[in-house]
Amino acid sequence: MEEMIVTRFAPSPTGYLHIGGLRTALFNYLYARKNKGKFLLRIEDTDLARNSTDAKEAIIEAFDWVGMDYDGEVVYQSQRFPLYQEYVKKLLDEGKAYYCYMSKEELDALREEQRQRGETPKYDNRYRDFKGTPPSNIAPVVRIKAPLSGEIKFKDGIKGEMNIQAKELDDFIIARSDGTPTYNFVVAIDDALMGVTDIIRGDDHLSNTPKQIIIYEALGFKIPRFFHVPMILNPEGHKLSKRDGAMSVMEYKEMGYLPHALLNFLVRLGFSHKDQEIFSKEEMLELFNPYTLNTSPSAYNQEKLLWLNHHYLNLLSDEELSNLLPLYGAKIPQENAQKILYPEIKERSKTLQEFANLVNECVNEVQDFDVKMKSKVNTQENIHLLEEFMVYLKALKTPIESVENAENEIATFADFQGIKAKNLFMPLRYALLGKSGGVGIAPLLAALSKEEVIKRVEKALQSLA
Ligand code: GLU
């Protein structure tokens, strides 16, 4: 039987999920799902001062929003201390780990000496084969017996062959003097016990891997496959900072990004298929392959994210858009108005927030007329035109309900006044929106009721008086 692919996402609970984390989760998710395998979630909360419940909720909220799910129960490292202790004991019993009684002062002195000799500070194995009577005033740490010679080798799915000289590593600590296990120790045990076959994670973890392999080997666990993904950098080539967009996933929701746009954006930070930019979820599942991930870092490109968001926003139905609007503080227009306005507004919006703002501009009465526009519009001729237009509207027998209708009425009115239709646009835009820019005049006339248009024109005339 073919081996089942099991991946995991193992965040440390920083309270929210940032986009680098979401990309790692996405890669693991896609690889598991495309292979009908399992995608597991483990919260690395061994730092007990942090609150793991909040972290879990923050992650689940983000996963829900982007439509990613995980299998089984969430594993919390904080609940597995007894298990880790069992493995420390096992290694001690088998002579693969040992107590080290070196005091902090001794360790500091050793490091200082090594530094002065120009060497990299490293534990000197002094308790590795210690047979004497241990000092009674020192609570010992537990160290693993790392190989003394040779190489630790593994083949990284992205970076290729990795060879680390054993002499570069030391007998690192697996349990501190208070008995708590260390990071690399618990990660290796959990990945092994959870049956993880493939580990896709940021390449900031690359230097941890040889240590984890030493643990796997000491415990006789099968070593998983590793894929170390290059970081996401800002356009200047530096580590992504909050200002560049390293903020929480849920902030992207608040700013008006669509979940799939964000996923599409993230998948392309490392993955490519020919020159394709747009990937449906099905295509991601079909085409994603961790072995072909880019070997160099990817640059965060805000313009690209906006471009993708605009693309996906344009695919939403009127109903989907209406359901999303209240989240961004917009009123939902009448159905006919939706049909007319949404396509107009979609074209002009990159985010749902922009979309909502433009909807509000259309459906709400003008509160503040733009001063600059007012000074341009405030002429006898325009005031006259607006007054006449009101009279014209009031006399209309049938409502204006389509863009074509609106265009015809504007043309007829302009003919009647002996002016060009476009002369009416600026005063009418001032009356309906109170500012320049925004949705076209004909769609606005078609979307708003006749009463509403008359009301707005009256208000505009008062502002010009
Ligand atoms: N907890 C680690 C982190 O959030 C990830 C550990 C791993 O993927 O092995 O960076």
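Note that ligands are numbered from 1 as they come in the structure, with each ligand's atoms numbered from 1 the same way. Given the structure is predicted, the values throughout are model-derived calculations rather than measurements.
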Using a 4.0 Å cutoff against the non-hydrogen atoms of [X], which atoms of ligand 1 qualify?
X	value
P11	1 (N), 4 (O)
E44	1 (N), 2 (C), 5 (C), 6 (C)
S12	1 (N), 2 (C), 3 (C), 4 (O)

Check: Nearest non-hydrogen atom to atom 10 (O) of ligand 1 belongs to which of H228, H205, R8, Q212?
Finding: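 Among H228, H205, R8, Q212, the closest heavy atom to atom 10 (O) of ligand 1 comes from H205.
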
Notebook entry, point to check: Considering H18, R42, R201, which one's heavy-atom position lies nearest to atom 9 (O) of ligand 1?
Noted result: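 Minimum heavy-atom distance to atom 9 (O) of ligand 1 goes to R201.
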
Check: Are the ring centres of F226 and F154 closer than 6.0 Å?
Finding: yes

Check: Is it true that Y101 and Y127 have ring centroids separated by less than 6.0 Å?
Finding: yes

Check: Do R201 and F227 meet the cation-pi criteria used here (NZ or CZ under 6.0 Å from the six-membered ring centre, within 45° of the axis)?
Finding: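 Output no; distance or angle outside limits.
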
Checklist line | Six-ring centre of F172, K211 cation under 6.0 angstrom, axis tolerance 45° | finding: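 The answer is yes, since K211 meets both limits relative to F172.
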
Note to self: Quiz question: by atom type and distance under 3.5 Å, do the side chains of Y328 and N357 form a donor-acceptor pair?
What the structure shows: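 Result is no, nothing qualifies.
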
Margin query: Less than 3.5 Å apart, any donor N or O on the side chain of Q85 or Y87 sitting next to an acceptor on the other?
Written below: no

Check: Looking only at protein heavy atoms, which one is nearest to atom 6 (C) of ligand 1, and how far off is it?
Finding: Y183 OH, 2.9 Å

Checklist line | Partners meeting ring-ring contact (aromatic ring centres under 6.0 Å, His included) with Y31 (sequence neighbours left out) | finding: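 ring-ring contact (aromatic ring centres under 6.0 Å, His included) list for Y31, sorted by chain: empty.
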
Note to self: Check for me whether F226 has a heavy atom closer than 4.0 Å to any atom of ligand 1.
What the structure shows: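 No; F226 lies far enough from ligand 1 that no heavy-atom distance drops under 4.0 Å.
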
Next item on the list: Could you say whether the N/O atoms of A10 and ligand 1 ever approach to under 3.5 Å?
Entry: yes

Next item on the list: Could you tell me whether F9 approaches ligand 1 through its side chain, its backbone, both or neither, with non-hydrogen atoms closer than 4.0 Å?
Entry: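 It is neither; nothing of F9 touches ligand 1.
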
